Amino acid sequence: IYGGAGSDITLSNNGSVTFSGNGNTALLGGAIYGGDYSTITLSGNGSVTFSGNTASYGGAILAYGNLSIRNNDAVLFEKNTEIRNGSYRLRSIYAGGSGDVISLSAAEGKSIEFRDSIYIGSGSTVEYNADYTDSAGG
């Protein structure tokens with residue numbers, strides 16, 4: 001019923017990381033499922049790619065807790081799909097909790113690219129470039 005890796009998840013200081021083609025029958029989170037009050041952290045890795053993952057909620061990631069994607073070389077979300085009631089929607093992340101914190105911050109000179117939509121639940125906070133400082137220190 002749940003997709004890929006579950007509960008509290010930390011992937012840090014690895015080379016390239018790829019999640020591809022996971023969760024064809026998953027209900028929650030095709031590649032990564034973060035249950036209630038969980039923490040998902042992806043940081044300090046080489047390139048991170050989520051491509052072609054599928055679930056009813058959260059084609060690539062379902063987070064009902066905190067989600068932090070920070071300081072990786074590059075991050076790409078593409079062709080991740082939610083399939084519900086016979087309809088398809090390109091959606092990478094479903095963050096459905098209230099009071100959750102979603103932190104998205106690229107390493108200097110790098111990017112986090114979404115080619116699919118994301119859903120952020122009411123009452124959640126989104127922090128963009130939370131750690132970024134330019135070369136002038138500002």
Side-chain angles (χ1 to χ4, degrees):
I1 189 170
Y2 302 121
S7 196
D8 288 339
I9 297 163
T10 300
L11 289 173
S12 294
N13 303 315
N14 295 291
S16 295
V17 178
T18 300
F19 295 89
S20 180
N22 296 296
N24 290 329
T25 60
L27 176 61
L28 305 173
I32 296 176
Y33 166 72
D36 292 343
Y37 311 109
S38 65
T39 299
I40 299 168
T41 303
L42 304 170
S43 66
N45 297 294
S47 63
V48 179
T49 302
F50 291 87
S51 179
N53 300 291
T54 305
S56 294
Y57 293 89
I61 299 172
L62 179 122
Y64 281 130
N66 298 321
L67 171 63
S68 176
I69 301 173
R70 302 162 98 146
N71 300 319
N72 299 285
D73 279 355
V75 180
L76 172 64
F77 289 88
E78 68 174 351
K79 299 178 184 172
N80 298 288
T81 308
E82 288 184 342
I83 302 174
R84 284 197 300 274
N85 302 322
S87 65
Y88 295 76
R89 171 183 296 137
L90 288 175
R91 179 170 288 154
S92 294
I93 297 173
Y94 185 98
S98 177
D100 300 340
V101 177
I102 294 85
S103 299
L104 304 171
S105 179
E108 187 171 356
K110 304 299 179 178
S111 65
I112 300 174
E113 184 176 349
F114 289 93
R115 294 182 183 170
D116 313 322
S117 67
I118 61 174
Y119 171 83
I120 307 297
S122 176
S124 294
T125 301
V126 180
E127 301 172 341
Y128 297 103
N129 290 324
D131 295 329
Y132 180 78
T133 46
D134 62 26
S135 58

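These values consider heavy atoms only, across backbone and side chains, with no hydrogens, waters or symmetry-generated copies. Just so you know, these numbers come straight off a predicted model, no measurement behind them.
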(message) To the closest 0.5 Å, what do you measure between CG (L28) and OH (Y33)?
(response) 5.5 Å
(message) Counting neighbours of OH on Y64 that are heavy atoms of other residues, nucleotides or ligands and sit closer than 6.0 Å, is the number greater than 12?
(response) yes
(request) For side chain to side chain contact (heavy atoms under 4.5 Å, CB included), just list the numbers for S20 and T49, CA-CA rounded to whole Å, side-chain angles, deciding distance to a tenth of an Å, and then say yes or no. (result) CA-CA 8 Å; S20 180; T49 302; over 6 Å; no
(request) Group every Ile, Leu, Val, Met, Phe, Trp and Tyr by side-chain heavy-atom contacts under 4.5 Å, then state whether Y94 and Y88 land in the same group. (result) no
(message) So if I apply the side chain to side chain donor-acceptor pair (under 3.5 Å) rule between N22 and each of N80, N53, T54, which one comes out positive?
(response) N53
(message) Is there a continuous path of hydrophobic side-chain contacts, each under 4.5 Å between heavy atoms, that joins L62 to V101?
(response) no
(message) For the CG atom of L27 and the CZ atom of R84, what is their distance to the nearest 0.5 Å?
(response) 9.5 Å
(message) We want to know whether S47 and S16 form a side-chain donor-acceptor pair, criterion being a heavy-atom distance below 3.5 angstrom.
(response) yes
(request) Scan side-chain atoms only and decide if S43 and S12 contain a donor-acceptor pair under the 3.5 Å cut-off. (result) yes
(request) Establish whether V126 and I32 are linked, either directly or via other cluster members, by ILVMFWY side-chain heavy-atom contacts under 4.5 Å. (result) yes
(message) Run N72 and K110 through side chain to side chain contact (heavy atoms under 4.5 Å, CB included) and show every step you take.
(response) CA-CA 8 Å; N72 299 285; K110 304 299 179 178; over 6 Å; no
(request) Kindly work out whether a path of hydrophobic side-chain contacts (I/L/V/M/F/W/Y, heavy atoms less than 4.5 Å apart) joins Y119 to Y57. (result) yes
(request) Would you name the heavy atoms of D116 and S92 that are closest together and state the gap between them? (result) OD2-OG, 2.8 Å
(request) Show the numbers, then the answer: is there a side chain to side chain contact (heavy atoms under 4.5 Å, CB included) between I61 and I40? (result) CA-CA 9 Å; I61 299 172; I40 299 168; 4.0 Å; yes
(request) Can you measure from CG (L11) to CG (L42) and round to the nearest 0.5 angstrom? (result) 5.5 Å
(request) Please answer whether the main-chain N or O of G58 pairs with a side-chain N or O of E82 as donor and acceptor at a distance below 3.5 Å. (result) yes
(message) Taking N45's backbone N and O only, do any of them form a donor-acceptor pair with N14's side chain (distance below 3.5 Å, no angle check)?
(response) no
(message) Tell me whether I120 shares a hydrophobic cluster with Y128, the cluster being built from Ile, Leu, Val, Met, Phe, Trp, Tyr side chains joined at under 4.5 Å.
(response) yes
(request) First locate atom OH of Y37, then atom CG of D8, and finally report the distance between them rounded to the nearest 0.5 Å. (result) 13.5 Å
(message) With rounding to the nearest 0.5 angstrom, report the CG to CD distance, L90 to E78.
(response) 10.5 Å
(message) Measuring from atom CG of L104 to atom CD1 of I118, what distance do you get when rounded to the nearest 0.5 angstrom?
(response) 6.5 Å
(request) On the 0 to 90° scale, with breaks at 30° and 60°, tag the F50-F77 ring pair as parallel, tilted or perpendicular. (result) parallel
